[in-house]
Each structure stands twice: as structure tokens, then as C-alpha cells.
Amino acid sequence: MAFSKAGATLCNVVLSILITSSFIVPSSAGAFVGMNYGLDGDNLPSPQQAVDFMKKHGMAQVRIYDTNAAILNALAGSNIQVMVGIPNEEILSVGESNVTAANWVKKNIATYLPNTNITGIAVGSEVLSDYPSLASVLLPTINYVHEALVAMSLDTQIKISTPIAASLIEDSFPPSQASFNQTYARTVIEPLLDFLSQTGSYLLINIYPLDIYQQNQKVMSIDYALFRPNSGIMDSNTNLLYTNVFDAMIDAAFSAMAELNHTDFSVVVSETGWPSRGDTDEVGVSVDNAATYANNLVKHILNNTGTPRRPGIAINTYIYELFNEDRRQGATSEKNYGIYYPDQTPVYSLDTTGAGMISVTGPANRTWCVAKQGVSSSSLQAAMDFACGEGSADCSQIQPGQTCFNPDSVPAHASYAFNSYYQRNSMASGSCDFAGVATVTTIDPSLGQCIYPSGSQGNQSISIGNLKSSGAGSTYCQSLILLGPIIMLVSTLRLDLVVQL
Ligand SMILES: *[C@@H]1O[C@H](CO)[C@@H](O)[C@H](O)[C@H]1NC(C)=O
Ligand SMILES: *[C@@H]1O[C@H](CO)[C@@H](O)[C@H](O)[C@H]1NC(C)=O
Ligand SMILES: *[C@@H]1O[C@H](CO)[C@@H](O)[C@H](O)[C@H]1NC(C)=O
Ligand SMILES: *[C@@H]1O[C@H](CO)[C@@H](O)[C@H](O)[C@H]1NC(C)=O
Ligand SMILES: *[C@@H]1O[C@H](CO)[C@@H](O)[C@H](O)[C@H]1NC(C)=O
Ligand SMILES: *[C@@H]1O[C@H](CO)[C@@H](O)[C@H](O)[C@H]1NC(C)=O
Ligand SMILES: *[C@@H]1O[C@H](CO)[C@@H](O)[C@H](O)[C@H]1NC(C)=O
């Protein structure tokens, strides 16, 4: 994702979208809901544990961001279909020639077949918005990979596409007016759409209604972003009524595609989700909103509701994301898109009744220990001294400069210390008392980046040490810096091409 999210906050990517016309897209069987599984965390389950977890929960579709061998091996023999990825940083090397692409396919795809059911390859993620310098190599890479699949007779089973950011679609409301970013519409998007059409593939799009809501708060209600009942917004060109951002964005994509004469295939949502926790200035972020979005989204997708422009059409969708990823860069929300904590307990309950894709889960009953209100500072200070001293609570985070130093108050610091003591004593009854100045709460006292642990949350440290295969966009800005010289090289090559032309 959260490329669009990271992009919006870190890289100042402009958000917007598209247009209209009539479509003839065959509606297939029911739509599926899949999961994005990113690895940018230092406390995640091992690939085998994660795959066992997916099986246990009946998940049938997963998307990963690379071709991680441990995950693909763990998926062997399962009923789970997987879309793999070529990370942005690897596009140049994979797409260098038809030979490098063929070798990549041999090593990273063919090796795992047929035991692992690889059904798609996402080439890069939000390349055109976030790595504009790679624009010129995107299609050649896609074509080389496709030729390699054809040569191995794998092209029917495995579809290739590339996830675009919603921001690539401009003037997205009303949807009937939308069109693709003019810089790329004719040069890259049109040939891309031709390719997707010819190969029976689909357009991948990342949709983050929270970002759109945050940028349009003055004119948009949060109900419209969350699929909650609202009066909707009419598209005056089509007289279609939009009651949620998700549908409006997809119809904007359909309009932009139609403008390029493509009404012959559909879109798949490669990422969509809502974070459960954010920094204090991140409007609209909460566990309740995350739960509302995910539950309404799943209902919407599984019902095959379609969109106002294309009622009844299946919109296959991958939720972003399976587990929270604590190493993602950027705002706190970036680390908190997971449906599950890394310890595999749910962040909130997600009902997928009728789908059979993901089982119904219930949130864990977590408890925390905090300072009682109205207690004198001196009593709290005394209790905190005990907790941090003899009590062996972890009080490192409330020291100056650490993540829980602010708010710099005795009640806040005491709460952190009490909770640490309580958790270290396995939340045993009696371990949250401190002579009557502490109390147990079911409301998570975490604030911004300061996380109050509870249960086994944050108590695992299984390192899988594969940062490179991190979730989509998280590390984009950093990677960009690392790739600086290469990107300049590509830019130079492009200039050469232009000059030659
Ligand atoms: C690569 O392309 C060249 C020239 O078109 C062709 O001769 C060669 O067989 C191709 N190699 C592979 C592995 O596809
Ligand atoms: C792989 O997934 C496809 C659906 O895309 C399905 O038709 C096929 O039976 C699956 N293959 C195996 C071996 O499970
Ligand atoms: C289109 O994309 C380019 C490259 O990312 C960007 O510089 C430009 O601002 C975009 N155009 C619009 C109108 O947003
Ligand atoms: C779309 O098709 C129409 C009618 O055939 C044609 O006039 C127009 O140029 C086409 N547009 C594109 C982008 O190919
Ligand atoms: C399910 O689809 C029907 C039409 O097929 C629609 O009337 C209804 O509102 C949809 N429900 C949800 C939750 O999207
Ligand atoms: C969590 O609490 C609810 C309500 O208090 C209770 O119904 C449920 O069984 C509890 N779940 C677990 C896993 O303890
Ligand atoms: C944290 O992990 C340790 C070691 O694995 C374990 O002994 C302890 O019970 C765990 N604490 C909680 C609260 O789960």
C-alpha cells in the first residue's frame, strides 16, 4: 500500500481520479476477497506459521510482494492461490532483456509449480506515481515476463498486471469525468490496457478511501468513505448516485479506461484497507473505523453488488493487510493496517459469513493497567518508583526522548509503568493495584507511537529477516534514495531515447 498512503504523506503524491461510458464486461462467478501479506515487521509469524494461519482461517487468495521462497514453499499443496510480485527495485534487473526475464520466471515462478498455485504476477507497485523514472521500462518488463510465460505454456494460468495508485486517475469525481494522468495516458497506460485486454488480464488498482477522505474532509462525510448509510453524491452526467468512495473510484477507473476504448475487461483491487491506529493528527483513524470499513467492504464485495456503473460485476479485492507491520516507515497508521496483530490475534472482528474465504474472528479481550483518575501525583510517583524499581517494569520508554515520554506527566508515566508490570505478571489478578491507585481497563491507552502492550502482543520476536520483501510501498521513499543513481541513469537513457526519436 500503501504506497498510496506512504506516497501521500512522505512523497507528496497528488491524489485524484476519472470518467464514463458503457461497458460490456462479462461478470464471472462470485468475487473473492483476498489478503495482502507483507513482511515489513520484526515480530511477524514465520512464513510457515503464517500459511498455517491462512489455512486455518479458510483464506483462499493471498498476495505477496515478491517471490519469497519460504512462503511459496509453505503454500505448496494448499488450496490457496497466490499473486506474487516483482518489487519496484527489481524491475530494472528482471526487465533488462528477454533473457533476464526468462531466467527470473524459471527461478521464481516455474520452480514452485504446480504445487504452489501462482495465479498472478504484479510487476512493481504504483510505479508510474512513485517511480516515474521506471515508466519506460515497465511495459518492456511486463512483455518480457509474459513472453517467458508463453514459452513455458504458463500464460493461461498466470496473469500479469501492475498495480496503479488511485492518484493516477485524475478528476475522479464525478466518476464520469475521470481520466488517466495525461503524462502517461497515451505513452504507457494505453499500451498497458491493450496488453491486459489481449492477455485476458485485469487492471490492478490500490484504493485507500481514508486518504481520499482526509484530503476532502470539507466536502466528504466519513460515512461516505466507510460505506455507512449516507445520502450519496450524484454524478450529474450519468445520474448515477454514489454512496461510497470505493465504488466511485472504481467507476472512475472504468471511465478512464473507456476513454482509451477499453471496456472489455475488469479491475481487481490490489490493495484497500483502513488503519486501526494512527498519530493524533491522523483524522479518521480508529479501531472502530477500521472494523467498519473492512466489514462493510467484505459485505459489499461478496454480495457482488458491483458499482453504479457496472451493477452486479465481480470486483475481486485484496484487503490491505493481514498482519500489522511494525517496521513500515512513515506515520503510525502505516504500521497498523493489519486485520491481525503479529501474534495472530485479531485487531477487530471481521465477519465474512457466506463467503467461506475468511472465517469469522473475534477480537482478543485485551486488558491494560492504568493509573486511576483523581489520584495524587505523589501517590502515583511512589507506586511508579516501586514498579520501575523492585517491580522490574520496563520503564525505558518513558525516559526523555523515548516514544512514551510524551505526554510528560506523572499519570501518563505511571500508567505506562503499571501496565508493564501488569503484563510482565501475565495480567494476573492483583498485579494491577499498587495500593489502590491503578485500575484495569479494556480501552487501549496507547497514544500515537507509544504502544502499551497487552497479552502476547509485542512479546514475540521471531525475526524472519527479509526486509527486502517488505510490504508494498512502505519503504518506497527510502528505496528511492538508495536507487537514486540508478534512476538517474534510467532518466538519462530515456532522454537519449527521446533525442533519438
Ligand atoms: C530473446 O530475443 C531474441 C531476439 O528476438 C531471440 O532470438 C531469443 O530467442 C530470445 N530469448 C529468449 C530466452 O526468449
Ligand atoms: C489453481 O487456481 C485455479 C484458479 O485460478 C484453479 O482453477 C486450479 O484448480 C488451481 N490449481 C490447483 C492445483 O489447486
Ligand atoms: C502525472 O504524473 C506525473 C508523474 O508522476 C506528475 O508529475 C504529474 O503531476 C501528474 N499530473 C497530474 C495532473 O497530477
Ligand atoms: C476510440 O475509438 C474511436 C472510434 O473507433 C476512435 O475514434 C478513437 O480514436 C479511439 N480512441 C482511442 C484512444 O484509441
Ligand atoms: C447486495 O446486492 C443487492 C443487489 O444485488 C443490493 O440491493 C444490496 O444493497 C447489496 N447489499 C450490500 C451490503 O451491498
Ligand atoms: C471476550 O469478552 C466477551 C464479553 O465480555 C466475551 O463474551 C467473550 O467470550 C470473551 N472472549 C474471550 C476470547 O475471552
Ligand atoms: C512473553 O514471552 C515469554 C517468553 O516467551 C513468556 O514466558 C511470557 O509468558 C510472555 N508473556 C506474555 C504476557 O505472554
Side-chain angles (χ1 to χ4, degrees), residues 1-8 11 13 15-18 32-40 61-67 81-91 94-95 118-132 134-135 137-139 141-142 145-146 158-169 172 180-181 184 188-189 191-193 195-196 199 201-209 211-212 246 249-250 252-254 256-257 262 265-273 315-322 328 337 469-476 479-480:
M1 117 196 70
F3 259 1
S4 41
K5 183 79 187 91
C11 308
V13 166
L15 226 225
S16 76
I17 279 211
L18 343 192
F32 69 70
V33 174
M35 280 287 174
N36 280 284
Y37 168 29
L39 295 179
D40 203 357
Q61 301 282 347
V62 65
R63 172 175 170 232
I64 61 175
Y65 290 92
D66 57 6
T67 48
Q81 294 171 24
V82 58
M83 176 186 289
V84 299
I86 297 177
N88 290 336
E89 307 88 280
E90 290 174 25
I91 289 178
V94 175
I118 299 174
T119 55
I121 302 174
V123 179
S125 179
E126 304 192 357
V127 171
L128 300 178
S129 321
D130 290 348
Y131 273 86
L134 290 178
V137 291
L138 182 59
L139 270 174
T141 303
I142 287 174
V145 172
H146 182 250
I158 302 175
K159 297 303 172 193
I160 307 177
S161 190
T162 181
I164 63 166
S167 58
L168 199 66
I169 302 171
S172 59
F180 288 108
N181 176 315
Y184 298 120
V188 183
I189 309 275
L192 171 67
L193 298 181
F195 169 87
L196 299 176
T199 58
S201 187
Y202 35 76
L203 184 67
L204 289 171
I205 181 166
N206 294 344
I207 300 178
Y208 286 94
D211 293 357
I212 299 169
F246 184 86
M249 286 303 291
I250 290 175
F254 283 143
M257 288 161 65
H262 276 291
F265 59 92
S266 193
V267 303
V268 169
V269 177
S270 30
E271 293 179 11
T272 189
I315 307 286
N316 292 333
T317 298
Y318 293 87
I319 294 182
Y320 186 86
E321 61 175 332
L322 185 55
R328 288 181 57 86
Y337 272 83
S469 51
S470 69
S474 55
T475 51
Y476 163 67
S479 310
L480 184 58

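Between I86 atom CD1 and Y65 atom OH the span is 15.5 Å, to the nearest 0.5 Å. Between the OG atom in S172 and the CD1 atom in I212 there is a gap of 6.5 Å [rounded to 0.5 Å]. With values rounded to the nearest 0.5 angstrom, S129 atom OG is found 7.5 Å from I164 atom CD1. Atom CG of residue N36 and atom CD1 of residue I64 lie 10.5 Å apart, to the nearest 0.5 angstrom. We find the CG-CZ distance between L196 and F265 to be 4.5 Å, quoted to the nearest 0.5 Å. Of the inter-residue distances, the one linking L134 atom CG with E89 atom CD reads 9.5 Å to the nearest 0.5 angstrom.
Proximity of Q61 to V33: side-chain heavy atoms (C-beta onward) are nowhere separated by under 4.5 Å. Residues S266 and Y202 form no side-chain contact, since every pair of their non-hydrogen atoms from C-beta on lies 4.5 Å or further apart. F180 places none of its side-chain heavy atoms less than 4.5 Å from the side chain of V188.
Remark: aromatic rings of Y320 and Y337 are close, center separation under 6.0 Å. Taking the centre of each ring, Y318 and F32 come in below the 6.0 Å mark.
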Practice item. Could you go through the side chain to side chain contact (heavy atoms under 4.5 Å, CB included) check for Y208 and M249 one step at a time? Key: CA-CA 10 Å; Y208 286 94; M249 286 303 291; over 6 Å; no
Check your understanding: What do the steps show when you test V62 against M83 for side chain to side chain contact (heavy atoms under 4.5 Å, CB included), and what is the final call?
Key -> CA-CA 6 Å; V62 65; M83 176 186 289; over 6 Å; no
Review point. What do the steps show when you test V269 against I315 for side chain to side chain contact (heavy atoms under 4.5 Å, CB included), and what is the final call?
Key: CA-CA 7 Å; V269 177; I315 307 286; 3.8 Å; yes
Check your understanding: Yes or no on side chain to side chain contact (heavy atoms under 4.5 Å, CB included) for V137 and I91, after CA distance, side-chain angles and deciding distance?
Key -> CA-CA 8 Å; V137 291; I91 289 178; 4.0 Å; yes
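Looking at D66, its side chain never comes within 3.5 Å of a backbone N or O of G85 through a donor-acceptor pair. Without hydrogens or angle criteria, T272 side chain to I207 main chain gives a donor-acceptor distance under 3.5 Å. Within the 3.5 Å criterion, the main-chain N or O of S270 finds a donor-acceptor partner in the side chain of R63. Formation of a donor-acceptor pair under 3.5 Å by the K159 side chain with backbone atoms of I121 is not found in this model.
Here the shortest heavy-atom pairing between N206 and S125 reads ND2-OG, 4.1 Å. Closest non-hydrogen pair, F195 versus I160, comes out as CE2-O, 3.8 Å. The two residues M35 and E321 have their closest heavy-atom pair at SD-C, 4.2 Å.
Remark: of the listed residues I205, L204, T317, L204 is the sole one forming a side chain to side chain contact (heavy atoms under 4.5 Å, CB included) with V268. Each of L192, L168, L138 was scored for a side chain to side chain contact (heavy atoms under 4.5 Å, CB included) with Y184, with one residue passing: L168.
Partners of T141 according to the side chain to side chain donor-acceptor pair (under 3.5 Å) rule, which considers only residues two or more places apart in sequence or in another chain, do not exist here.
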